[in-house]
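Before any comments, here is the structure.
Just so we're on the same page: letters track the sequence lines, and every chain starts at 1.
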Amino acid sequence: MKYFRNLVKPYIIWSFLMIVVPLLLIVLYSVTTGGNSLVNIQFTLDNFGKIAEPIYLAVFIRSFKIGLITVLICFFMGYPLAYMIARFSEKVQSVLILVVTIPMWINMLLRTYAWISLLSDNGIINSFLVSLGFEPVTMMYTDFAVAVGLVCDFLPFMVIPIHTSLSKIDKSLIEAAYDLGANRVQTFFRVVFKLSLPGVINGVIMTFLLAISSFVIPKLLGGGQYMLIGNLIENQFISVGDWNFGSAISLLLAVVILFLIHLMKKMDPDETEEG
Amino acid sequence: MGNKIIELKGVTKNFGEQQVLKGIDLNIYENEFLTLLGPSGCGKTTTLRIIAGFDEPSQGQVLFNGIEISKLPPYKREVNTVFQKYALFPFLNVYDNVAFGLNIKKVDKSIIAQKVSKVLKLVGLEGFEKRDVTLLSGGQQQRVAIARALVNEPKVLLLDEPLGALDAKLRKEMQIELKKIQKEVGITFIFVTHDQEEALSMSDTVVVMNEGIIQQIGTPVDIYNEPENRFVADFIGESNIIEAVMLRDCLVQFDGFQFECVDKGFKDEEEVEVVLRPEDIDIVKPENAKITGVVKSLVFKGVHHEIVVQTKYRDYLIHTTDYFEVGLAVGLSFGPEDIHVMYKMDY
Ligand SMILES: Nc1ncnc2c1ncn2[C@@H]1O[C@H](COP(=O)(O)OP(=O)(O)OP(=O)(O)O)[C@@H](O)[C@H]1O
Ligand SMILES: [Mg+2]
């Protein structure tokens, strides 16, 4: 045992350097002023106060709005999809789940550019509309375009946990409901949906987190002026250079994410047993 | 016994290549406690699922009060099921589990409350209304499952090995209680088990099945005393099963001797099999018996001794409360009514 424990040491040192140190730096930056140079730092909470300023608050609100829209669309598309998949035989199910994840194998940038060529003013959809005699519609650089991109990217994260929940349901519970006089619709709402709730909550939190912290898709499909939390952080670090404010936002986001992940674990009975 | 309530006519069931039920004909009557008994995999659950409506027969008919129902979905049938693993809804408490069926039928809330409390009293779970079903013991979950089915006042209650998961003592208690409940509510119970003792002690009618075929239908006493073939005799209890020849009515020959018996209706010289129950054989002095041998082994089983006597043709199993030393020369004695003659099975 001792021997193996020693083998782990390099990994621990490595992850300490690559994960813990940067994290500590972010915490440090977020409560100080003076930017990148750590020579003359002063402790302050102004960075967090700054988040409440209207322009930044607006970014937060927009992020949450887009996050919610993404979650809702993902849910209403993902649940029926997961439900249908769960009705097939086990072998077919694993193939279908693989199919659902196919988009994830393609580089995200590529996928996003594909959307641009579909949605832009003289893109494929608009040319099609024009050829049918309709007016072209502006889709690029709108909430709509961003939502489409986000949904497309994050749908598997909704489908997979819901499918997992659904496929774990004890069939005899469904039969019990039929037996007690519930028809298919009643059985779905009174039994199946309730038993799939852990998966739904997992999927909702996961897609929400991914949506509010994404920055490539909003930038490409929403345009340069379109800011979500992810873009705001990116901007603070890369173009504005206010590392302290950027760190404060990151930290806040990290706390929110940790909290939601904690909630998610609580929802999944299997996870709590292990952890 | 009352009117016929369920009738299975030539019911078969195929799962892919495998034929699981090979033509089941069965009449089930009102107020009857009927048990499907047979070894694992013989098709008991499948038969029950066809009656409940979870599976459709491949061929044949299921009649309910004379009306064909094999295509009717389970939620339209007047039967309820107690599932082997209870299948209680984990997100509902005891009260809401029991009230599920009545809620679906949109029964008035106050009537639901009355019926639920009545049925919980019947199964001995008064005061358990608010409990979380996942935290109940196996026996308590079992009672909730029974209450949940009974509250709908079905005409027939289906129970698939409902006592399978309980320990021996609780099992005995629940057997008595189930029987009491059945008498009290006065409906038909179709009970599945692979425990012959359970079947014999609880049922009005026992249906012995093997490999998708009904081997015998009868009262527990019939089944025990007059098994129709070797399978039934073997399955119902430890037995001595002996190849024999029926010389004529009431005279059978085996182990080189002729014995008087009470069975008739076989062909003369027909090859048959004879069942001698271990508790029906008396051990006597060798000079007082036709069949003789020596005591080969003796095991104390709590109340009786299980003795094996080695004779010229075979070993006999005997249950007796008396003690006999191993190696002792003994004779085996039994009366005409202890000899049960059965048709020979073709294997
Ligand atoms: N859905 C199914 N698909 C394929 N085969 C099945 C299915 N259900 C049952 N079988 C097969 O049918 C046969 C009878 O099964 P059944 O469950 O009726 O047996 P049983 O008498 O209830 O046995 P046990 O005492 O073990 O519960 C078994 O060989 C089983 O493997
Ligand atoms: Mg079974």
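- More than 12 heavy-atom neighbours from other residues, nucleotides or ligands sit within 6.0 angstrom of NZ on B:Lys13.
- Minimum heavy-atom separation, A:Ala176 to B:Ala87: CB-O, 3.9 Å.
- Remark: side-chain polar atoms of A:Asn183 are not paired, donor with acceptor, to backbone N or O of B:Tyr75 under 3.5 angstrom.
- Residue B:Pro90 touches chain A through its side chain alone, counting heavy-atom pairs closer than 4.5 Å.
- The contact between A:Glu175 and chain B is made by backbone and side chain atoms together, counting heavy-atom distances below 4.5 Å.
- Residues of residues 101-109 of chain B lying within less than 4.5 angstrom of chain A, judged on heavy atoms, are B:Gly101, B:Asn103, B:Ile104, B:Lys105, B:Lys106 in numerical order.
- More than 12 heavy atoms of other residues, nucleotides or ligands lie within 6.0 Å of CD in B:Glu184, so this atom counts as buried by the packing criterion.
- Listed by first then second residue, pairs satisfying ring pair (Phe, Tyr, Trp, His ring centres under 6.0 Å) with a partner in residues 38-57 of chain B read B:Phe54-B:Phe83, not counting sequence neighbours.
- Surrounding CD of B:Gln84 are more than 12 heavy atoms belonging to other residues, nucleotides or ligands, all under 6.0 Å away.
- Remark: side-chain polar atoms of A:Asp179 are not paired, donor with acceptor, to backbone N or O of B:Asn80 under 3.5 angstrom.
- For CZ of B:Phe15, the number of neighbouring non-hydrogen atoms (other residues, nucleotides, ligands) closer than 6.0 Å is greater than 12.
- Residue-environment remark: CZ (A:Phe88) stays at or below the threshold of 12 foreign heavy atoms within 6.0 Å.
- Looking at B:Arg148, the atoms closer than 4.5 Å to chain A (heavy atoms on both sides) sit in the backbone and in the side chain alike.
- The environment of CE in A:Met104 is crowded: more than 12 heavy-atom neighbours from other residues, nucleotides or ligands sit within 6.0 Å.
- Residue B:Lys179 qualifies as enclosed at atom NZ: its count of foreign heavy atoms under 6.0 Å is above 12.
- By the 4.5 Å heavy-atom criterion applied to side chains, A:Leu180 and B:Phe89 are counted as neighbours.
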